[in-house]
A.B. asks: 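Have a look at this one.
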Amino acid sequence: MVVGAELGDARAVRLMVEEVAGGFGGIDVLVNNAGVFEAHPIDETSYEEWQQAWAATVGVNLVGAANATWCAVRHMGPGGRIVNVASRGAFRGEPRAPAYGASKAGMIALGQSLAKALGPRGISVTAVAPGFTETEMAAEELEGSRGEARRAESPLGRVATPSEVAAAVLYLASPEAEMASGTVLDVNGASYLRL
């Protein structure tokens, strides 16, 4: 079953989740993987552009994920899993796109709050924080000399592949990862290290 929705539209999110839950008789795993990235450096952006970038970015990356989560947990029983796809930008900052960094940090705080709230129901909530990954969203940044610089950020000399991030999500969605609830798993090839 493939169901889509504009995550900035709360009603559309609810209808999407209801359709999935109806089709499968419940929801076992929710992966909040939608994300938008729009450059809006504070010294180069008009106030109107600034407002638009924040509303669009936070509306999809954080509020959309929160709404999908609220809707999904109504159809989730013990053993349920929620995995939020955040970003290393939540920790290192995103000076050219501060709403992106803030929205991904918010996803982590949301997940950790819900790990506490939903743990008594047997629902585990985790996050992955990838660095640059070979995706359509990152394609332009990974071209030419900028791409070389991004790859050099990791001692492995490359960025992640989508399958590497998916493997981390798959683990966090598994029964074996229950005690990882509240965890943020970095998948950035040591390009950004934190305590």
A.B. asks: Kindly give the heavy-atom pair with the smallest separation between Ser181 and Ser124, and that separation in Å.
C.D. replies: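 Heavy atoms only, the tightest pair is CB-OG, 3.3 Å.
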
A.B. asks: Considering non-hydrogen atoms only, spot the tightest contact between Ala117 and Pro120 and give its length.
C.D. replies: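 Residues Ala117 and Pro120, closest heavy atoms: O-CD, 3.5 Å.
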
A.B. asks: How many angstroms lie between atom OH of Tyr192 and atom OG of Ser87, to the nearest 0.5 angstrom?
C.D. replies: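 So the OH of Tyr192 and the OG of Ser87 are separated by 11.0 Å.
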
A.B. asks: Please determine whether residues Ile82 and Phe24 belong to a single hydrophobic cluster, defined as Ile, Leu, Val, Met, Phe, Trp and Tyr linked transitively by side-chain heavy-atom distances below 4.5 Å.
C.D. replies: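 Hydrophobic grouping puts Ile82 with Phe24.
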
A.B. asks: Please report the closest heavy-atom contact between Ala5 and Ala12, naming both atoms and the distance.
C.D. replies: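 Looks like CB-O, 3.5 Å.
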
A.B. asks: Counting C-beta onward and ignoring hydrogens, is there a side-chain heavy-atom pair between Met1 and Val3 closer than 4.5 Å?
C.D. replies: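 Yes. Closest side-chain heavy atoms under 4.5 Å.
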
A.B. asks: Any chance you could lay out the side-chain contact (heavy atoms from CB on, under 4.5 Å) test for Glu178 and Thr126, step after step, and finish with the verdict?
C.D. replies: CA-CA 9 Å; Glu178 182 175 51; Thr126 57; over 6 Å; no

A.B. asks: Would you call Arg151 and Glu148 a salt bridge, using N to O less than 4.0 angstrom?
C.D. replies: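 Salt bridge flag = no for Glu148 with Arg151.
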
A.B. asks: For residues 104-116, tabulate all N or O donor-acceptor pairs below 3.5 Å that involve a side-chain atom, not counting sequence neighbours.
C.D. replies:
| unit_1 | atom_1 | unit_2 | atom_2 | d |
| --- | --- | --- | --- | --- |
| Lys104 | NZ | Val85 | O | 3.0 |
| Gln112 | NE2 | Gly182 | O | 3.1 |
| Ser113 | OG | Ala109 | O | 2.9 |

A.B. asks: Checking side-chain hydrogen bond (donor to acceptor under 3.5 Å, both in side chains) for the pair Thr69/Asn32: CA distance, chi angles, key distance, verdict?
C.D. replies: CA-CA 8 Å; Thr69 301; Asn32 285 310; 3.0 Å; yes

A.B. asks: Which pair of non-hydrogen atoms, one from Arg146 and one from Glu140, has the smallest distance, and what is that distance?
C.D. replies: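 Looking at all heavy atoms of both residues, the shortest contact is NH2-O, 3.1 Å.
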
A.B. asks: With sequence neighbours excluded, tell me which residues meet ring-ring contact (aromatic ring centres under 6.0 Å, His included) with Trp50.
C.D. replies: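 If we apply the ring-ring contact (aromatic ring centres under 6.0 Å, His included) test to Trp50, skipping adjacent residues, the hits are His40, Trp54.
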
A.B. asks: Is Tyr171 reachable from Val169 through a run of I, L, V, M, F, W or Y residues, each pair having side-chain heavy atoms under 4.5 Å apart?
C.D. replies: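 Yes, Val169 connects to Tyr171 through the hydrophobic network.
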
A.B. asks: Heavy-atom distance under 4.5 Å between the side chains of Asp186 and Phe91, does that happen here?
C.D. replies: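 Heavy-atom side-chain distance check passes, below 4.5 Å.
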
A.B. asks: Do the side chains of Val83 and Val20 join up, straight or via other hydrophobic residues, at under 4.5 Å, putting them in one cluster?
C.D. replies: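 Looking at the clustering, Val20 is in a separate group from Val83.
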
A.B. asks: Please report the C-alpha distance between Phe37 and Glu94 in whole Å, then the side-chain angles of each, then the deciding distance to 0.1 Å, and finally whether the side-chain contact (heavy atoms from CB on, under 4.5 Å) criterion is met.
C.D. replies: CA-CA 10 Å; Phe37 182 99; Glu94 292 290 345; 4.1 Å; yes

A.B. asks: Which distance, rounded to the nearest 0.5 Å, do you find between the CG of Asn188 and the CZ of Arg92?
C.D. replies: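 So the gap between those two atoms works out to 9.5 Å.
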
A.B. asks: Any sub-3.5 Å donor-acceptor pair from Thr133's side-chain atoms to Gly131's backbone N or O?
C.D. replies: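 Yes, because the side chain of Thr133 sits within donor-acceptor range (under 3.5 Å) of the backbone of Gly131.
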
A.B. asks: So, Glu44 side chain and Pro41 main chain: donor-acceptor pair closer than 3.5 Å or not?
C.D. replies: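 No, Glu44 side chain to Pro41 backbone: no donor-acceptor pair under 3.5 Å.
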
A.B. asks: Keeping the roles fixed (side chain from Ser103, backbone from Val58), state whether a donor-acceptor pair exists under 3.5 Å.
C.D. replies: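 Not confirmed, Ser103 side chain does not pair with Val58 backbone.
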
A.B. asks: With rounding to the nearest 0.5 angstrom, report the OG1 to CD distance, Thr45 to Gln52.
C.D. replies: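 Rounded to the nearest 0.5 Å, the OG1-CD separation comes to 10.5 Å.
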
A.B. asks: Distance from Ile42 atom CD1 to Tyr47 atom OH, nearest 0.5 Å?
C.D. replies: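 If I round to the nearest 0.5 Å, the distance is 11.0 Å.
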
A.B. asks: Under a 4.5 Å cut-off applied to non-hydrogen side-chain atoms, are Val36 and Asn61 in contact?
C.D. replies: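 They are in contact (side-chain heavy atoms under 4.5 Å apart), so the answer is yes.
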
A.B. asks: Checking salt bridge (charged side-chain N to carboxylate O under 4.0 Å, His left out) for the pair Glu153/Arg88: CA distance, chi angles, key distance, verdict?
C.D. replies: CA-CA 12 Å; Glu153 291 174 358; Arg88 73 177 183 172; 2.6 Å; yes

A.B. asks: What verdict does the side-chain contact (heavy atoms from CB on, under 4.5 Å) test give for Leu172 and Val128, after you've listed the backbone C-alpha separation in whole Å, the side-chain angles of each residue and the deciding distance to 0.1 Å?
C.D. replies: CA-CA 9 Å; Leu172 292 173; Val128 294; 3.5 Å; yes

A.B. asks: Using 0.5 Å steps for rounding, measure from the CE atom of Met137 to the OH atom of Tyr100.
C.D. replies: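 Answer for the CE-OH pair, Met137 versus Tyr100, is 4.0 Å.
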
A.B. asks: Going hydrophobic residue to hydrophobic residue with side-chain gaps under 4.5 angstrom, can you get from Val17 over to Leu30?
C.D. replies: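 Result: yes, single cluster for both.
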
A.B. asks: Test your reading of the model: is there a side-chain donor-acceptor pair from Asn84 to the backbone of Ala86, 3.5 Å cut-off?
C.D. replies: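 Such a contact is absent between Asn84 side chain and Ala86 backbone.
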
A.B. asks: I'd like to check Met16 versus Leu7 (side-chain heavy atoms, cut-off strictly below 4.5 Å). Are they in contact?
C.D. replies: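 Side chain of Met16 against side chain of Leu7, heavy atoms only: contact under 4.5 Å found.
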
A.B. asks: Any side-chain heavy atom of Met76 within less than 4.5 Å of one from Arg81?
C.D. replies: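 Counting from C-beta outward, Met76 and Arg81 never come under 4.5 Å.
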
A.B. asks: Under a 4.5 Å cut-off applied to non-hydrogen side-chain atoms, are Glu134 and Pro162 in contact?
C.D. replies: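 Yes - at least one pair of side-chain heavy atoms lies under 4.5 Å apart.
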
A.B. asks: Which atom names give the shortest non-hydrogen contact between Pro155 and Gly189, and what distance separates them?
C.D. replies: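 Heavy atoms only, the tightest pair is CD-O, 3.2 Å.
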
A.B. asks: Is there side-chain contact between Val73 and Leu118, with heavy atoms separated by less than 4.5 Å?
C.D. replies: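 Side-chain contact under 4.5 Å: yes.
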
A.B. asks: Restricting to non-hydrogen atoms, name the atom on Val13 and the atom on Gly64 that form the minimum distance, rounded to 0.1 Å.
C.D. replies: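 Closest pair (atom of Val13, atom of Gly64, distance): CG1-O, 4.4 Å.
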
A.B. asks: Output the distance between atom OG1 (Thr57) and atom CG (Leu62), rounded to the nearest 0.5 Å.
C.D. replies: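 Result: 11.0 Å between the selected atoms.
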
A.B. asks: If the threshold is 4.0 Å, N to carboxylate O, is there a salt bridge linking Arg158 and Glu164?
C.D. replies: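 Yes.
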
A.B. asks: More than 12 foreign heavy atoms under 6.0 Å from CZ of Arg14: is that the case here?
C.D. replies: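 No - once you tally the heavy atoms of other residues, nucleotides and ligands closer than 6.0 Å, there are 12 at most.
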
A.B. asks: If you define the side chain from C-beta out and look only at heavy atoms, does anything of Val60 sit under 4.5 Å from Glu6?
C.D. replies: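 Heavy-atom side-chain distance check passes, below 4.5 Å.
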
A.B. asks: Please say yes or no: joined through hydrophobic side-chain contacts below 4.5 Å, possibly via intermediate residues, are Val125 and Val31 part of one cluster?
C.D. replies: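 Looking at the clustering, Val31 is in a separate group from Val125.
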
